[in-house]
Amino acid sequence: MFMVTTEVLSIDEAYAAVRRDDCGAVALFIGTVRDHHDGKKVTKISYSAFKEMAEKEFAKIGTECMARWKVGAVHIAHRTGPLLIGDASVVIAVSSAHRAEAFEACRHAIEALKKLAPIWKEEFYAEGKAWISG
Amino acid sequence: MKIAVQLFGPLAEQAGRSTIEVTTSGNTVADVVAALSFKLDRSVRFAVNTDYAEASAIIREGDTVSLIPPVGGG
């Protein structure tokens, strides 16, 4: 599945979405909100997205993973709205017959998402806020 | 033609809105951008409907142009 949602992300759902009987490996990446950036204490984060285009970019990343590595399935979910320290912002799951492909494809998926997905992050500090890219 | 322009992230915050309607006699993304009342940083990318597009991309009646400032997902 490829989705942008305001709901809390489910790791169980991500795993279930990609698990296959012919796959012996599932690699998971979970991005969580960190409490600091550039020496400043982060109090919360807000993500916004061009939802329709982001989901389309996730699907393209999934297709690319299927083509470049022998993966069984790919699941990419990103949360939007206000998130607190420790909340999961993104969950990626990839299944494959063997672990090498799952690790590589999962790594590729998060790197591609960070470059391409039309999603924006606003960080809030004790004083002030900033739009953070990259 | 009249084209809807979608703003996101810091651009939407600066403009205080998330859509602008632009009128242009041209037919490219660059023509739409030229018709905006503000200048864009070179780091802003474009999308036509739901696909990334270059400034030279042709647009048609009913298309939506989106201004994509540097992204920060993940």
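Letters go in sequence order (proteins before strands), and every chain restarts at 1.
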Is chain B contacted by the side chain of [X], its backbone, both, or neither, given a heavy-atom distance below 4.5 Å?
X	value
A:Leu116	both
A:Lys56	side chain
A:Glu57	side chain
A:Ile132	backbone
A:Ala54	neither

Flag if over 12 foreign heavy atoms under 6.0 Å of [atom1], [X]:
X	atom1	value
A:Arg107	CZ	no
A:Lys51	NZ	yes
A:Glu52	CD	no
A:Phe124	CZ	yes

| A:Lys129 versus B:Glu13: any side-chain heavy-atom pair under 4.5 Å? | yes

| Heavy-atom side-chain contact between A:Phe50 and B:Ser66 under 4.5 Å |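 Yes, side chains in contact.
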
Nearest non-hydrogen partners of [X] and [Y], listed with the distance:
X	Y	value
A:Pro118	B:Ile68	CB-CD1, 4.2 Å
A:Ser89	B:Gly74	OG-O, 3.7 Å
A:Met53	B:Ala47	SD-CB, 3.7 Å

| chain A heavy atoms under 4.5 Å from B:Asn49: which part of the residue, side chain, backbone, both or neither? |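 Only the backbone of B:Asn49 comes within 4.5 Å of chain A.
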
Are [X] and [Y] grouped together when hydrophobic residues (ILVMFWY) are joined by side-chain heavy atoms under 4.5 angstrom apart?
X	Y	result
B:Leu67	A:Tyr47	no
B:Phe46	B:Tyr52	no
A:Ile11	A:Ile85	no
A:Trp69	A:Leu113	yes
B:Leu36	B:Met1	yes

| query | Do any N or O atoms from the side chain of A:Trp120 and from the backbone of B:Pro10 form a donor-acceptor pair under 3.5 angstrom? | reply | no

| field | Top contributor to chain B interface from A:Glu55, A:Arg79, A:Lys60, A:Lys121 [non-hydrogen pairs under 4.5 Å] | value |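 With the most close heavy-atom pairs to chain B, the winner is A:Lys121.
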
